[in-house]
Amino acid sequence: MSEQHFPTQTPQPVAAPAQNAAIFIVGTLKDSAQSHALVRQWCEGYAGTVRAVGHRVPEAQLSCIVGFGSEAWDRIFGQPRPALLHPFIEFGPAERRAVATPGDILLHLRASRMDMCMELATRLIGDLGDAFEAVDEVHGFRNFDMRAILGFVDGTENPVGQDAVDATAIGQEDQDFSGGSYAIVQKYLHDMQGWNALSTEMQERIIGRSKQSDIELDDANKPSWAHNALTVIEDEDGEEIDIVRGNMPFGRPGFGEFGTYFIGYASSPTPIERMMENMFVGNPPGNYDRLLDFSTAVTGGLFFVPSHSLLQALSSRSAVQANALDAKAQAAVNANQHTGSLHIGSLKGTLQHE
């Protein structure tokens, strides 16, 4: 059961269902007063650009979500800042690492047609001009009956409708950022030759589900290191904490490259970070996700996704506001920049890092 946050601002479409096509773009933003002003101006025109392109083919259900990384937020928007925004936390040993990679801004575009995603991405990035430099771009597609490249259905446990909104939208626990969300992204590359050499039974034990029916294995047949055993996060009362996954498969067959782009949305980054710690470090330590024997995370980023109204309001922040991080505020920011294992108490109510 999802905790209800009752956002007072309209969220971006993070809770919308998956479409046939998606583009994920992560970029860095130039650190100069001119570029900062351009990005704030871009925030004002962003929604209009999305509407204008989407209006051309309404049935394509075009949408785009924009998020900002911790360091970019400080440079461009200053105070106040989202309470739980911090740099991406790395987990795991060198041979099995959730790596952090550069990223100031995230664009997640979705539509039933790739041409609509391409048109919108071209315009949005064009409007950012020299302030923007892409560091990663992935074109995702909807695979057979929502299956990942690995052959299993992805996103089975996603909440829908109001439950999805409750799981992703910040409420009164961070009132200035009500209606916003946090997004964590990771680009995984898969060893398909090694994976396909496994028996179906072993693949099912690693995932924790039947490959054909998508039914979860019972506890007697599911190892503690199964993927879905380690990615279920509960609060102190034993209630499962929902997130919304917008994962998409991608690939370049000519280069032998096949992967999954993970993107998880939630009202706090903490549950997704706990999932990653369980996967990469293990729960208990050493009991890691065996899917990582065949999947390598090559990117990682954490972003804050403002509500629609806040995104508009960010355009009016002055350069003085954007640079007004005093010593006390900066110390608070630094306290949220974790570099090691999470030591998390209650996940009930307002989610905080200890």
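Both Val66 and Ile23 are assigned to one and the same hydrophobic cluster, defined by single-linkage of ILVMFWY side chains at heavy-atom distances under 4.5 Å. Under the 4.5 Å side-chain heavy-atom criterion for grouping Ile, Leu, Val, Met, Phe, Trp and Tyr, Ile206 is not connected to Val281 through any hydrophobic cluster. A single hydrophobic cluster is not seen to contain both Leu106 and Phe132; linkage of ILVMFWY side chains at heavy-atom distances under 4.5 Å, directly or through other members, places them apart. Hydrophobic clustering places Val57 together with Leu109 (ILVMFWY residues linked when any side-chain heavy atoms are closer than 4.5 Å, directly or through intermediates). In the hydrophobic cluster analysis, where Ile, Leu, Val, Met, Phe, Trp and Tyr join through side-chain heavy atoms closer than 4.5 angstrom, Leu217 is grouped apart from Val153.
Classification of Asp154 and Arg245 as a salt-bridged pair fails, no side-chain N sitting under 4.0 Å from a carboxylate O. Between Arg209 and Glu157 a salt bridge is recorded (basic side-chain N to carboxylate O distance below 4.0 Å). Electrostatic pairing of Glu119 and Arg56 counts as a salt bridge here, judged by a charged N lying under 4.0 Å from a carboxylate O. A salt bridge does not link Lys30 with Glu133: none of the charged nitrogens is closer than 4.0 Å to a carboxylate oxygen. Between Asp176 and Arg81 there is no salt bridge, since no side-chain nitrogen of the basic residue lies less than 4.0 Å from a carboxylate oxygen of the acidic one.
Using a 3.5 Å distance cut-off with no hydrogens or angles, the side chains of Ser295 and His190 do pair a donor with an acceptor. Side-chain atoms of His36 and Gln34 include no donor-acceptor pair closer than 3.5 Å. In summary, the side chains of Gln186 and Tyr188 do present a donor paired with an acceptor at a separation below 3.5 Å, with no hydrogens or angles considered. With hydrogens and angles left out, the side-chain atoms of Tyr46 and Asp127 include no donor and acceptor closer than 3.5 Å. Using modelled atom types and a 3.5 Å distance limit, the side chains of Asn287 and Ser224 yield a donor-acceptor pair.
Between Trp42 and Ser315 there is no side-chain heavy-atom pair separated by less than 4.5 Å. At least one side-chain heavy atom of Phe250 sits under 4.5 Å from a side-chain heavy atom of Lys187. Using a 4.5 Å heavy-atom cutoff, the side chains of Phe68 and Cys43 are in contact. In this structure, Ile233 and Asn278 have side chains that are in contact, with non-hydrogen atoms separated by less than 4.5 Å.
For the residue pair Leu38 and Ala131, the shortest heavy atom distance occurs at CD2-CB, 3.9 Å. Between Ala169 and Ser267, the shortest heavy-atom distance links the atoms O-CB, 3.7 Å. Of all heavy-atom pairs spanning Val298 and Thr101, the tightest one is O-CG2, 3.6 Å. Between Leu84 and Leu302 the shortest heavy-atom distance is O-CD2, 4.5 Å. The minimum heavy-atom distance between Pro159 and Val244, with the atom names listed, is CG-CG2, 3.8 Å. For the residue pair Tyr182 and Ile170, the shortest heavy atom distance occurs at CE1-CD1, 3.6 Å.
Separating the CZ atom in Arg123 from the CG atom in Leu120 is a distance of 9.0 Å, to the nearest 0.5 Å. Taken to the nearest 0.5 Å, the SG atom of Cys64 stands 12.5 Å off from the CE atom of Met116. Taken to the nearest 0.5 Å, the CG atom of Leu189 stands 11.5 Å off from the CD1 atom of Ile149. Atom CD1 of Ile89 is separated from atom CD1 of Ile272 by 11.5 Å, given to the nearest 0.5 angstrom. Leu128 contributes atom CG, which lies 10.5 Å from atom CD of Gln41 (distance to the nearest 0.5 angstrom).
In this structure, Arg205 contributes its side chain and Lys222 its backbone to no donor-acceptor pair below 3.5 Å. Under a 3.5 Å cut-off, the side chain of Asn247 and the backbone N or O of Ile263 do form a donor-acceptor pair. Under the 3.5 Å distance criterion, the side-chain polar atoms of Gln312 are matched with a main-chain donor or acceptor of Glu44. Arg113 places no side-chain N or O within donor-acceptor distance of the main-chain N or O of Ala60, the cut-off being under 3.5 Å. Counting only distance, with no hydrogens or angles, the side chain of Trp73 and the backbone of Gly78 share a donor-acceptor pair below 3.5 Å. Using a distance-only test at 3.5 Å, with no hydrogens or angles considered, no donor-acceptor pair links the side chain of Glu240 to the main chain of Glu234. A side-chain donor-acceptor contact under 3.5 Å links Glu204 to the backbone of Lys211. With Arg110 contributing its side chain and Ile65 its backbone, the two residues share no donor-acceptor pair below 3.5 Å. Although no hydrogens or angles enter the test, the distance criterion places a donor-acceptor pair under 3.5 Å between the side chain of Asp218 and the main chain of Asn221. Under a 3.5 Å cut-off, the side chain of Asp237 and the backbone N or O of Glu239 do not form any donor-acceptor pair.
A side chain to side chain contact (heavy atoms under 4.5 Å, CB included) with Gln19 is found for exactly one of Ser63, Cys117, Ser112, namely Ser112. Each of Phe77, Phe177, Tyr265 was checked for a ring pair (Phe, Tyr, Trp, His ring centres under 6.0 Å) with Phe304, and the lone residue meeting it is Phe177. Of the listed residues (Ser309, Ser178, Ser307), just one forms a side-chain hydrogen bond (donor to acceptor under 3.5 Å, both in side chains) with Gln9, and that residue is Ser309.
Taking a 6.0 Å sphere around CE of Met118, one finds it holds 12 or fewer heavy atoms contributed by other residues, nucleotides or ligands. Counting non-hydrogen atoms of neighbouring residues, nucleotides and ligands closer than 6.0 angstrom, the CD atom of Gln193 reaches no more than 12 such neighbours. Atom CG of Asp219 has 12 or fewer neighbouring heavy atoms from other residues, nucleotides or ligands inside a 6.0 Å radius. Within a 6.0 Å sphere centred on CD of Glu257, other residues, nucleotides and ligands contribute more than 12 heavy atoms.
Taking the ring axis of Phe144 as reference, the NZ or CZ atom of Arg147 does not stay both within 45° of it and closer than 6.0 Å to the ring centre.
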With side chain to side chain contact (heavy atoms under 4.5 Å, CB included) as the test, would you mind laying out the steps for Trp195 and Gln203 before giving the verdict?
-> CA-CA 8 Å; Trp195 178 255; Gln203 290 181 356; 3.4 Å; yes
Chi angles and distances behind the side chain to side chain contact (heavy atoms under 4.5 Å, CB included) call for Phe303, Val26 | CA-CA 10 Å; Phe303 302 89; Val26 173; 4.0 Å; yes
Start with the C-alpha distance between Val39 and Leu314, add both sets of side-chain angles, then the distance that settles side chain to side chain contact (heavy atoms under 4.5 Å, CB included), and finish with yes or no.
-> CA-CA 9 Å; Val39 173; Leu314 291 175; over 6 Å; no
Between Ile243 and Met275, does a side chain to side chain contact (heavy atoms under 4.5 Å, CB included) hold up when you go through it step by step?
-> CA-CA 11 Å; Ile243 69 168; Met275 291 178 190; 3.8 Å; yes
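In this structure, Phe24 has its ring center under 6.0 Å from that of His108.
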